[in-house]
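Only heavy atoms go into these numbers, but all of them, side chains included; no hydrogens, no water, no symmetry mates. None of these values were measured; they are calculated from a predicted model. Whatever order the structure lists ligands and atoms in, that order sets their numbers, starting from 1. Nothing fancy with the numbering, it's 1 onward along the sequence.
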Amino acid sequence: MQEITLPGLSGFRYLPGYFDRARQEDLVETIRKILTEAPLFQPVMPRTGKPFSVRMSNCGPLGWVSDINGYRYQATHPVTSRPWPPMPQMLTELWQTVAPDCPPVEACLINFYAPEAKMGLHQDRDEDTFDAPVVSVSLGDTATFRIGGTSRKGPTTSMRLASGDVVVLGGEARLAYHGIDRILKGSSTLLKNGGRINLTLRRVTKG
Ligand code: MD3
Ligand code: FE
C-alpha cells in the first residue's frame, strides 16, 4: 500500500487505491441502501440560504447538517426526522485501521457531487474535538482537490482524488483549508449515472 505525505503539512496521509474495485462496488451498494433510508438533501448556507452544489446525507450516530440557522451535528435527518442509518462495518474497520488510538467514529458525512458540483475552500471546525483525524474516501469520478495550511491565505497544493483513494487528515492537517475545485466528468465507471461520492469519517464529541 502506497502512502504519500506532504512536506509542509504534518498529519496528512494520502493512501491511493486503498479500496480495490470489488470493495468500492461493495461500498457503493452499502451507500445506496443508506440513501434509500436517509435520502440526499440539499444543504443551504447559514444566513444567506444559498444552496450548496453538493447534496448530502449521513450515517452513524451523528450527522452534519447546514441550514439557514447554521452548521451543526444532529442525530436525525433534517427532512425525514429519522435517526441516521448505522455506520457500515467497512467504515468502522477503515477507522480502526487508520486511527487505532482514537475513540470510535461517530459520523460519516456522505457528499454527492454531480459533474458540475464543487466545494469552496473551508476548514472543518464544527466538531467538539480536533484530536481525531478526518478520514475521506472517494468513489466514482476523480476530483481535483486543493489543500493549504491553517491560514486562508498562503500556498495550496492541488491533487487528484480518484475512486478508492483514502485521505487521512490528522495533526496539523486537521485544520487545513481545503476544497474541491472540479469533478472530472466520465473519469470512472463505478457510478452508473456518473458523479462522485465522498465519505468523511469523523469523531464529533470528546472521547
Ligand atoms: C482536509 N469534503 O466534507 S474530502 C468535507 O471531497 C469536505 O467532499 C471534500 O471537505 C470532498 O468537509 C474533501 C478531503 C478532506 C476532508 C476533510 C478535511 C480534506 C480535509 C479536513 C481537514 C483538512
Ligand atoms: Fe471539509
Could you check, using the six-membered ring where one of them is a Trp, whether Tyr177 and His122 have ring centers closer than 6.0 angstrom?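 Ring centres of His122 and Tyr177 not closer than 6.0 Å.
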Show me, by chain and number, every protein residue that has a heavy-atom distance under 4.0 Å to ligand 1. Leu109, Asn111, Tyr113, Met119, His122, Asp124, Val134, Ser136, Phe145, Ile147, Leu169, Ala173, Arg174, Ala176, His178, Ile180, Arg196, Asn198, Thr200, Arg202
Of all pairs that satisfy salt bridge (charged side-chain N to carboxylate O under 4.0 Å, His left out), the ones with a partner from residues 6-22, not counting sequence neighbours: Glu3-Arg13, Arg21-Glu25
Nearest to the Fe ion (ligand 2), which N, O or S atom of Asp124 do we find?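 Minimum-distance N/O/S atom of Asp124 relative to the Fe ion (ligand 2) is OD1.
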Below 4.0 angstrom, N of the basic side chain to O of the carboxylate: do Arg202 and Asp124 qualify?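 Yes, charged N to carboxylate O under 4.0 Å.
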Salt-bridge test for Glu127 and Lys206: reply yes if a basic N is under 4.0 Å from a carboxylate O, no otherwise. no
Trp95: which residues meet the ring-ring contact (aromatic ring centres under 6.0 Å, His included) condition with it, sequence neighbours left out? none
Hey, what's the angle at the Fe ion (ligand 2) spanning NE2 (His122) and NE2 (His178), nearest 10 degrees? 90°
Would you tell me whether Ser158 and Asp181 have side-chain atoms, one donor and one acceptor, within less than 3.5 Å of each other?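 Asp181 and Ser158 do not have a side-chain donor-acceptor pair below 3.5 Å.
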For Glu37, what residues pass the salt bridge (charged side-chain N to carboxylate O under 4.0 Å, His left out) criterion, not counting sequence neighbours? Arg82
